[in-house]
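First up is the structure itself, then whatever we jot down about it.
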Amino acid sequence: MSASRTVICLLRNDLRLHDNEVFHWAQRNADHIIPLYCFDPRHYQGTYHFNFPKTGPFRLRFLLDSVKDLRATLRKRGSTLLVRQGKPEDVVSDLIQQLGSVTAVAFHEEVASEEKTVEKKLKAICCQNKVKVQTFWGSTLYHRADLPFSHIGGLPDVYTQFRKVVEGQGRVRPVLSTPEQVKSLPLGLEEGTIPTFEGLGQTGTLIYITVWLYSAGIGNDPRENRKFNMIKQGLDYDNNVSSSFYKSLTVIALVTIKPRELALTGFMSNRGRQNVASFLTKDLCLDWRLGAEWFEYLLVDHDVCSNYGNWLYSAGIGNDPRENRKFNMIKQGLDYDNNGDYVRQWVPELRGIKGGDVHMPWTLSNSALSHAQVSLNETYPSPVIIAPEWSRHVNNKSEGRAHLTHQDNKDRGIDFYFSKNKSF
DNA sequence: AATGGCTTGCA
DNA sequence: GCAAGCCAT
């Protein structure tokens with residue numbers, strides 16, 4: 001009788017049983033399966049340049065929910081999820097020693113340097129112990145091996161070129177079946193407790209949320225007033241990020257929304273991400289890495305390639321074939337929030353301003369401002385910079401031009417890319 | 001409109 | 001001849 005085969009399925013950014021090639025392969029090649037997730041301490045340190053928490057509260061909450069859900073799913077099917085706190089390479093090494101015989105370690109391959117470093121260390125551990133390493137590709141709609149390019153050098157630099165070829169010739173692989181019963185774990189392994197939100201060092205990050213709750217007029221705890229006033233005065237209240245960074249982002253109403261929306265929800269629309277990136281890099285001339293690490297910290301759907309690639313692109317040092325491209329913040333505001341409802345929802349201090357004028361409070365007359373109960377530099381800041389191209393979209397009533405209602409502008413809407421009428 | 005063709009203005 | 005501006009898909 002041959003020895004029983006044990007496979008460790010190391011979960012990474014693929015915390016699911018359904019449509020998961022790691023489980024799919026292990027079901028066919030193992031007698032015992034060990035589903036494993038490791039809370040890697042490196043994911044809870046500061047970001048490289050600006051020391052934001054690398055995993056913010058929204059993504060951590062989602063991660064904890066996903067781990068709990070996968071464990072419950074596996075338990076229903078005769079298995080469970082082993083949970084450990086530690087580096088995957090150390091945890092896997094310990095498991096191999098403890099069990100004496102492991103046939104293979106299976107996991108989804110990633111592409112960024114920190115993830116690759118983990119993979120290299122895992123492979124070295126497995127090599128030393130004569131354990132097979134089985135990797136899979138599973139985080140893109142089109143499988144890497146199915147791309148309609150003969151070699152990686154044939155991959156277009158420009159996104160639209162890639163999209164057109166792939167939409168025309170690409171093939172999306174069918175969903176893999178979900179096993180009814182998952183092969184059992186070997187005996188004698190501790191299941192491991194799932195760490196808590198607080199246990200992973202998430203208390204400090206709540207400062208940002210309460211500050212922005214307060215500034216959005218939603219929170220009213222007077223204890224937060226002090227923190228907010230420190231920001232208002234441009235003082236650092238935290239070692240991580242200068243408050244002047246946040247303050248500078250409050251210049252334009254459309255951009256003011258974003259830190260609030262992001263800090264409160266962990267989400268920002270695609271359009272918002274592009275606008276914030278353009279404003280931060282092209283108007284404020286700040287280091288794009290500040291924006292990239294800020295997004296990495298807060299976005300619930302953060303992805304290394306999308307985030308860093310898009311910030312590079314926005315900063316003008318990516319694969320854009322055209323130079324000196326930047327967004328006109330006022331045009332964007334009028335295109336996507338033509339009557340200003342979105343601004344008024346998130347920026348209550350400007351709610352007295354009617355219509356699209358809410359995108360340009362500094363251009364309004366004193367009487368219009370006082371009627372709207374807005375006092376520039378008191379209830380809302382004046383711009384620290386004004387880009388010349390904004391004037392093309394700013395109403396200039398003092399020059400006697402006809403009042404533009406912007407009703408002629410096509411309001412594309414925030415969900416332009418998801419329009420049901422659009423044929424792809 | 002996550003591109004790119006065409007026009008404009010100046011060296 | 002080139003960079004920047006305009007603007008339609």
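No experiment lies behind these values; they were computed from the predicted model shown. Numbers restart at 1 for each chain; the letters A, B, ... are given by sequence-line order, proteins then strands.
- Atom-to-atom, CD of A/Glu323 to C1' of B/dT3 comes out at 15 Å; the value is rounded to the nearest Å.
- Counted by atom type alone, A/Gln274 and A/Asn270 present one or more donor-acceptor pairs between their side chains at under 3.5 Å.
- Following rounding to the nearest Å, A/Asn328 (CG) and C/dC7 (C1') show an atom-to-atom distance of 13 Å.
- Distance CG (A/Asp335) to P (C/dC7): 13 Å, rounded to an integer number of Å.
- The line from CZ of A/Arg289 to OG1 of A/Thr281 is 13.5 Å long, rounded to the nearest 0.5 Å.
- Ring geometry, A/Phe52 versus A/Tyr297: the interplanar angle falls under 30°, so the pair is classed parallel (tilted spans 30 to 60°).
- Note: CG (A/Asn324) to P (B/dG4) measures 16 Å, nearest angstrom.
- We find that A/Glu89 and A/Arg42 are joined by a salt bridge, their nearest charged nitrogen and carboxylate oxygen being less than 4.0 Å apart.
- In this entry B/dG9 has C/dC2 as its Watson-Crick or G-U wobble partner, both defining distances falling under 3.5 Å.
- Residue A/Tyr313 places at least one side-chain N or O closer than 4.0 Å to OP1 or OP2 of B/dT3.
- Rounded to whole angstrom, the span from the CG atom of A/Asn319 across to the C1' atom of B/dT3 amounts to 12 Å.
- Summarising the geometry, the separation between NE2 on A/His393 and P on C/dC7 is reported as 9 Å, rounded to the nearest angstrom.
- Going from atom CZ of A/Arg271 over to atom P of B/dA2 covers 6 Å, rounded to whole Å.
- B/dA2 is unpaired under the Watson-Crick or G-U wobble criterion, no partner having all donor-acceptor distances under 3.5 Å.
- Rounding to whole angstrom units, CD of residue A/Gln332 and C1' of B/dA2 are separated by 12 Å.
- Proximity of A/Thr160 to the phosphate of B/dT3: a side-chain N or O atom is located under 4.0 Å from OP1 or OP2.
- Between A/Trp288 and A/Tyr308, the ring planes lie perpendicular to each other; the angle is over 60°, past the 30° to 60° tilted range.
- Donor-acceptor pairing under 3.5 Å, judged by distance alone, is present between the side chain of A/Asn310 and the base of B/dA2.
- Each of A/Gln161 and A/Phe327 has a nearest nucleotide on DNA chain B; the 5'-most of these lies closest to A/Phe327.
- Residue-to-nucleotide contacts include a donor-acceptor pair under 3.5 Å from the side chain of A/Arg322 to the base of B/dG5.
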